[in-house]
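We name chains A, B, ... by the order of the sequence lines, and we start the count at 1 in each one.
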Amino acid sequence: MPELPEVETICRSLRPRLVGRSIVSVRVIRPFIANRSPEEFAREVAGRNIEDLSRHGKYLLLRLSRARGSAPADLIFHLMMAGRLIHRPPGAGPLPEVVARHTHLALILDDQSELAWADLRHFGRVHLVVGDARDEAPRGLRNLGPEPLAGDFTPAVLAARLLSRRAPVKQVLLDQRVVAGIGNIYADETLHRAGIHPGRRACSLTSDEVVALHAAIGQTLSEAIACRGTTVRSYVDGAGLPGGFQDRLRVYGRAGEACLRPGCKAVVERLRKGGRSSHFCPRCQREGTDVRNSCPDRL
DNA sequence: CTCCTTCCCTGGGAGC
DNA sequence: TGCTCCCAGGGAAGGA
């Protein structure tokens with residue numbers, strides 16, 4: 001499912017195909033637009049040029065030019081778990097039937113190509129923000145935490161955001177206000193690489209553990225981007241190509257299999273809580289004792 | 001403010 | 001073959 005590396009890969013694959021093109025027409029097939037009626041949306045988007053694409057956490061933004069006296073606008077996608085953004089050149093073959101059936105929006109471009117947004121689970125929403133109407137942007141985007149691959153994301157920044165929270169570190173990593181872009185797969189993978197049990201209270205981490213986690217986040221996300229993302233179920237990039245990082249996962253989806261750390265033969269376990277599962281190695285990621293897992297009285 | 005629960009939705013796989 | 005059951009899970013909302 002699209003987390004930071006997957007959305008980054010989609011963004012990079014779409015950028016050369018979309019930037020500079022103009023949107024000739026808009027087909028709203030299902031009204032999954034958060035803040036416009038289908039008619040208003042089509043009217044406000046058609047005729048604009050696509051000036052840039054950018055990723056913010058798991059959000060993908062299309063920067064659109066001004067049109068007919070209206071201010072520039074941002075088209076904001078959140079693909080959730082099963083969303084796809086697929087660019088199809090003119091004459092491209094048909095989409096897989098199940099994808100075609102769940103296509104919600106299509107933008108027709110001036111070279112007769114098409115950008116299709118499909119979401120097999122109907123969880124995703126699109127927002128249109130015209131001008132600087134920031135309150136129209138999704139709440140999650142407005143409250144987004146620091147980008148984990150940016151230069152100013154230091155171990156100290158991570159520490160400040162973890163040490164004020166008593167919840168399990170896995171749950172805190174998934175909080176997009178703490179760090180942007182990490183989802184279930186990369187939370188499990190970074191905690192394994194850092195040797196931290198997912199159930200440890202965030203505020204109980206030592207400074208060495210925070211440094212190890214910070215390094216693991218940077219390394220795991222960078223490597224996943226280099227592999228063009230993780231395809232475990234349905235993820236494909238903007239050209240329809242699957243990723244390659246699924247072959248390098250060390251714990252996610254590997255419950256019952258041997259830990260891959262050299263010399264460790266322990267069996268990967270799966271912990272379920274509130275409908276969400278965590279995968280970890282009980283030997284590389286020891287559960288804290290009561291003392292180790294304790295936090296200061298005042299945070 | 002944090003933390004916890006519930007809900008949203010459909011495809012795909014397991015089991016019978 | 002066809003049915004039921006269960007699982008995947010990010011974010012919004014609401015209550016403690």
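Between Gln176(A) and dG11(C), a side-chain N or O to OP1/OP2 separation shorter than 4.0 Å is present. Between Arg165(A) and the phosphate of dC3(B), there is a side-chain N or O to OP1/OP2 separation shorter than 4.0 Å. Contact annotation: Gln171(A) reaches the phosphate of dC4(B) (side-chain N/O to OP1 or OP2, under 4.0 Å). Regarding contacts with the backbone of dT2(B), every side-chain N or O of Ser164(A) stays at 4.0 angstrom or more from both OP1 and OP2. Of the side-chain N and O atoms in Arg233(A), none sit less than 4.0 angstrom from OP1 or OP2 of dC7(C).
Of the candidate nucleotides dA12(C), dG9(C), dC4(B), dC4(B) has the atom lying nearest to any side-chain atom of Pro168(A). If you check dG9(C), dG11(B), dC3(B) against the side chain of Met81(A), the one that comes closest is dG9(C). Relative to the side chain of Arg270(A), the nucleotides dG10(C), dC7(C), dT10(B) differ in distance, and dC7(C) lies closest. Which of dG11(C), dA8(C), dG11(B) sits closest to the side chain of Val98(A) comes down to dG11(B).
Nucleic acid contact class of Arg125(A) (heavy atoms, under 4.0 Å, all strands): none. The residue Arg201(A) sits apart from the nucleic acid: no heavy atom pair falls under 4.0 Å.
A single hydrophobic cluster is seen to contain both Leu53(A) and Val26(A), as judged by linkage of ILVMFWY side chains at heavy-atom distances under 4.5 Å, directly or through other members.
Under the stacking criterion of a centre-to-centre distance below 5.5 angstrom and an interplanar angle below 30°, Phe123(A) is not stacked against the six-membered ring of dG11(C).
By the 4.0 Å N-to-carboxylate-O rule, Arg165(A) lies close enough to Asp175(A) to be salt-bridged with it. Salt bridge status for Arg55(A) with Glu147(A): present, with a side-chain N to carboxylate O gap under 4.0 Å. A salt bridge does not link Glu51(A) to Arg63(A): none of the charged nitrogens lies less than 4.0 Å from a carboxylate oxygen.
One atom, CZ of Arg254(A), and another, C1' of dA8(C), lie 19 Å apart when rounded to the nearest Å. The nearest whole Å value for the distance from the CZ atom in Phe32(A) to the C1' atom in dC8(B) is 10 Å. Following rounding to the nearest Å, Leu120(A) (CG) and dG10(C) (P) show an atom-to-atom distance of 17 Å. The distance between atom CG of Leu144(A) and atom C1' of dG10(C), rounded to the nearest whole Å, is 13 Å. Spacing between atom CG of Leu79(A) and atom P of dC9(B) amounts to 18 Å, rounded to whole angstrom units. Taking atom CG of Asn143(A) as the reference point, atom P of dA12(C) lies 9 Å away to the nearest angstrom. In this structure, the NE2 atom of His56(A) is 19 Å from the C1' atom of dG10(C), given to the nearest Å. dG11(C) atom C1' lies 7 Å from atom NE2 of His78(A), rounded to whole Å.
Ranked by how close their nearest DNA chain B nucleotide is to the 5' end, Lys273(A) and His102(A) are led by Lys273(A).
Across the strands present, dC6(C) finds its partner in dG12(B); the criterion is a Watson-Crick or G-U wobble pair with both atom distances under 3.5 angstrom.
Closest approach of Glu136(A) to Val130(A), counting heavy atoms only: OE1-N, 3.8 Å.
Dense packing is recorded around CZ of Arg142(A), with more than 12 heavy atoms of other residues, nucleotides or ligands lying under 6.0 Å away.
Applying the 3.5 Å distance criterion, the base of dG11(C) shares no donor-acceptor pair with the side chain of Arg139(A). For a distance-only test at 3.5 Å, the side chain of Arg276(A) qualifies as a donor-acceptor partner of the base of dG11(C).
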